[in-house]
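Working notes for the structure below.
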Amino acid sequence: MRNIMVPAFAFNYPVKAETLEQTRLPFYCANCQQKRMTRYLTPNFGPFCLDCFAELNTYIEAHTK
């Protein structure tokens, strides 16, 4: 998995998504809706900022043993 950086054109976008359309952009976290570097858990599940991604991985590891 590779990280998705916030592109230069998104400089004027709000820090937190304000519309439904913004939440679908790949540089907004699907969990906390913040504009950050993101990554996908699977090709169809995400994107999550690195903090939410780490929290999600911790939860998955704890519940799959």
Side-chain angles (χ1 to χ4, degrees):
M1 291 176 271
R2 67 179 178 84
N3 293 337
I4 299 170
M5 304 296 288
V6 177
F9 73 82
F11 177 75
N12 291 330
Y13 282 65
V15 173
K16 186 165 182 143
E18 297 174 345
T19 66
L20 186 59
E21 290 80 17
Q22 288 174 345
T23 62
R24 292 193 169 92
L25 295 171
F27 49 85
Y28 279 107
C29 175
N31 185 43
C32 67
Q33 320 260 291
Q34 297 287 323
K35 179 174 66 173
R36 297 183 176 162
M37 181 172 21
T38 60
R39 72 184 332 181
Y40 283 81
L41 185 62
T42 67
N44 295 319
F45 192 63
F48 296 99
C49 68
L50 301 183
D51 291 337
C52 290
F53 189 83
E55 184 178 327
L56 185 60
N57 275 337
T58 302
Y59 178 82
I60 290 170
E61 288 173 4
H63 289 85
T64 56
K65 294 182 180 180

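Linking Ile, Leu, Val, Met, Phe, Trp and Tyr whenever their side-chain heavy atoms come within less than 4.5 Å puts Leu25 and Phe9 in one cluster.
For residues 22-32, there are no salt bridge (charged side-chain N to carboxylate O under 4.0 Å, His left out) pairs, not counting sequence neighbours. Legend: salt bridge (charged side-chain N to carboxylate O under 4.0 Å, His left out) pairs involving residues 25-35, not counting sequence neighbours: none detected.
The distance from the CZ atom of Arg36 to the SG atom of Cys29 is 7.5 Å, given to the nearest 0.5 Å.
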Show every donor-acceptor pair shorter than 3.5 Å between a side-chain atom in residues 45-63 and any protein atom, with sequence neighbours excluded, or say none if there are none.
from  : atom 1 : to    : atom 2 : distance (Å)
Thr58 : OG1    : Ala54 : O      : 2.9
His63 : ND1    : Tyr59 : O      : 2.9

Show me, pair by pair, the donor-acceptor contacts under 3.5 angstrom made by side chains of residues 12-22, not counting sequence neighbours?
from  : atom 1 : to    : atom 2 : distance (Å)
Thr19 : OG1    : Gln22 : N      : 3.2
Gln22 : OE1    : Glu18 : N      : 2.6
Gln22 : OE1    : Thr19 : N      : 3.3

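Using a distance-only test at 3.5 Å, with no hydrogens or angles considered, a donor-acceptor pair links the side chain of Thr38 to the main chain of Pro26.
Side chains of Tyr28 and Thr23 form no contact here, defined as non-hydrogen atoms less than 4.5 Å apart.
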